[in-house]
Amino acid sequence: MNFTSTGNNFGAGAIAFKSHQEENYVVLNAKFSYRTDSPEYLAADVLEIYVPDLSIERSAVTGVMMRFIDRRTFSSRTYSYDGGTVLKSWIKDKNTLCIEKLTNFDDKGEIIIYVQALYTMLGRSGNPIRGTMTRLEFSQETQYLRWNYDSLCVIFDHWVFLHMEFSSCSYAYRDLPWECNMDNFPKDVAADVPFPGGSNQFNPSVNGMSEAHIENGVFTCQERELGFDSTGYDPFIFAYLVRDNE
């Protein structure tokens, strides 16, 4: 089910959501941005998004990802030092989605939020759901991208859980746009997904945060943060995504 927010308390304008809703959980998808210098944001203690009635009245805390843009030019070439982290979020009542306010990066001016989360009902038991884990299979005409064996998805009728873990890229392709087929992933999923990982020289308190796109069973990523392939940072994708058959 798609819907649009009815308002918020931090100056973000209308926010479009995809959702799948059951009596004891909700999957929500949205991508939006806000200005850290807006009067509404400055006055807020917690970021609140007001929405039409949800199927659950309150939820346990779950994570959403935030990303800021940081581009710097050296010797006439511009480099990405985009970064980000995970924020707490929760459904406060059937009409209010809350996200914690983190002020550490207010100097960046604009913050992007990715809501790709499953919210479980707080204080109510329910029948558990069970899916089958599928190890992802990838293909390319030239096989320059490699993914960890732990890359997987769990497919349900109306949504899918996705976990991808980057392994390596052939040297000649490291600075080029990437594209690969996700052969056994549902074709009815379309989303921009945050792609955290990599060292971040100018924002050392967080890792790098790039952005990828998934649509029609194809993964694309136009560019990566400069420290993306640093040793030990293990870039990954972790998302609950609503299928468009909803």
Side-chain angles (χ1 to χ4, degrees), residues 1-22 25-41 44 46-59 61-69 82 84-102 108-120 153 156-162 185-196 209-222 237-246:
M1 178 177 68
N2 296 341
F3 63 84
T4 302
S5 65
T6 58
N8 61 76
N9 70 340
F10 54 97
I15 300 170
F17 282 86
K18 294 180 181 180
S19 77
H20 177 68
Q21 304 188 37
E22 298 284 354
Y25 74 91
V26 173
V27 181
L28 294 180
N29 287 178
K31 174 189 172 184
F32 60 91
S33 62
Y34 59 86
R35 295 287 309 177
T36 58
D37 54 2
S38 73
E40 297 89 346
Y41 171 80
V46 173
L47 309 186
E48 294 188 346
I49 303 171
Y50 310 119
V51 299
D53 288 0
L54 298 173
S55 62
I56 63 176
E57 297 175 358
R58 57 177 183 158
S59 78
V61 172
T62 190
V64 300
M65 291 195 184
M66 61 81 73
R67 174 171 168 250
F68 57 80
I69 305 300
D82 301 351
T85 188
V86 179
L87 303 178
K88 295 177 183 178
S89 72
W90 62 96
I91 292 171
K92 184 174 76 171
D93 56 53
K94 66 180 181 178
N95 297 117
T96 310
L97 173 66
C98 294
I99 300 174
E100 73 168 306
K101 179 178 178 178
L102 180 69
K108 303 302 182 184
E110 183 177 54
I111 299 295
I112 304 168
I113 299 291
Y114 301 83
V115 179
Q116 295 170 347
L118 185 150
Y119 296 87
T120 56
C153 64
F156 297 88
D157 289 340
H158 299 285
W159 58 278
V160 59
F161 167 69
L162 173 65
F185 188 76
K187 299 293 191 291
D188 57 358
V189 173
D192 292 332
V193 290
F195 199 0
M209 182 82 77
S210 305
E211 181 183 86
H213 184 76
I214 294 171
E215 187 168 358
N216 196 31
V218 177
F219 164 91
T220 55
C221 184
Q222 296 302 308
I237 291 170
F238 184 101
Y240 295 87
L241 300 171
V242 176
R243 301 176 66 177
D244 286 332
N245 67 22
E246 177 69 16

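Position 1 is the first residue of the sequence, and the numbers go up from there.
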Minimal non-hydrogen separation, Ser5 against Ile49, with atom names: CB-CG2, 3.8 Å
Is the shortest side-chain heavy-atom distance between Trp90 and Val46 below 4.5 Å? yes
List in chain and number order the residues that pass salt bridge (charged side-chain N to carboxylate O under 4.0 Å, His left out) with Lys88, two or more places apart in sequence or in another chain; answer none if no residue qualifies. none
Under the salt bridge (charged side-chain N to carboxylate O under 4.0 Å, His left out) test, which residues partner Lys187, sequence neighbours left out? none
Partners passing side chain to side chain donor-acceptor pair (under 3.5 Å) against Glu100 (at least two apart in sequence or in another chain): none
With rounding to the nearest 0.5 angstrom, report the CD to NE2 distance, Glu22 to His158. 7.0 Å
From CG (Leu162) to CG (Leu241), nearest 0.5 Å: 6.0 Å
Heavy-atom closest pair, residues Cys153 and Val160: CB-CG2, 4.0 Å
With sequence neighbours left out, what residues match Tyr41 under ring pair (Phe, Tyr, Trp, His ring centres under 6.0 Å)? Tyr34
Can a donor-acceptor pair be found, under 3.5 Å and without considering hydrogens, that links the side chain of Asn95 to the backbone of Val51? yes
Is the shortest distance from a Lys or Arg side-chain nitrogen in Asp244 or Lys18 to a carboxylate oxygen in the other one below 4.0 Å? yes
Glu110: side chain to side chain donor-acceptor pair (under 3.5 Å) partners, not counting sequence neighbours: Ser33
Just jot down the ring pair (Phe, Tyr, Trp, His ring centres under 6.0 Å) partners of Tyr119, sequence neighbours excluded, or say none. none
Using 0.5 Å steps for rounding, measure from the CZ atom of Arg58 to the SG atom of Cys98. 13.0 Å
With the side chain counted from C-beta on, respond yes when Phe161 and Leu118 share a heavy-atom pair under 4.5 Å apart, and no when they do not. no
When rounded to the nearest 0.5 angstrom, what is the spacing between NZ in Lys101 and CD1 in Ile111? 11.5 Å
From Asn29 CG over to His20 NE2, what is the distance, rounded to the nearest 0.5 angstrom? 12.0 Å
Just do the side chain to side chain contact (heavy atoms under 4.5 Å, CB included) check on Ile113 and Leu47 with the steps written out, would you? CA-CA 11 Å; Ile113 299 291; Leu47 309 186; 5.5 Å; no
Set of side chain to side chain contact (heavy atoms under 4.5 Å, CB included) partners for Val86, sequence neighbours left out: Met65
Which pair of non-hydrogen atoms, one from Gly63 and one from Ala117, has the smallest distance, and what is that distance? O-CB, 3.8 Å
Run the side chain to side chain contact (heavy atoms under 4.5 Å, CB included) check on Phe10 and Ile99 step by step: do they pass? CA-CA 11 Å; Phe10 54 97; Ile99 300 174; 5.8 Å; no
Can you name the closest pair of heavy atoms from Gln21 and Ser55 and give their distance? OE1-N, 2.8 Å
Asp37 meets the side chain to side chain donor-acceptor pair (under 3.5 Å) criterion, sequence neighbours left out, with Arg35
Examine distances only and state if a side-chain atom of Asn9 and a backbone atom of Glu48 form a donor-acceptor pair shorter than 3.5 Å. yes
With rounding to the nearest 0.5 Å, note down the distance linking CZ in Phe68 to CG in Asp82. 7.5 Å
Restricting to pairs with a member in residues 212-221, which pass side-chain hydrogen bond (donor to acceptor under 3.5 Å, both in side chains), not counting sequence neighbours? Asp192-His213, His213-Glu215
Please assess Phe17 against Met1 for the test side chain to side chain contact (heavy atoms under 4.5 Å, CB included), listing each intermediate value before the final yes or no. CA-CA 8 Å; Phe17 282 86; Met1 178 177 68; over 6 Å; no
Any heavy-atom pair between the side chains of Arg243 and Pro186 that's under 4.5 Å? yes
Just to verify, what does Thr62 make a side chain to side chain donor-acceptor pair (under 3.5 Å) with, not counting sequence neighbours? none
Could you list the residues that satisfy ring pair (Phe, Tyr, Trp, His ring centres under 6.0 Å) with Tyr114, not counting sequence neighbours? none
Heavy-atom pair of closest approach, residues Asn8 and Ala12: OD1-N, 3.1 Å
Lys108 vs Ile69, side chain to side chain contact (heavy atoms under 4.5 Å, CB included): CA-CA, chis, key distance, verdict: CA-CA 7 Å; Lys108 303 302 182 184; Ile69 305 300; over 6 Å; no
What residues, two or more places apart in sequence or in another chain, satisfy ring pair (Phe, Tyr, Trp, His ring centres under 6.0 Å) together with Phe156? Trp159
Is any side-chain heavy atom of Phe219 closer than 4.5 Å to one of Phe195? yes
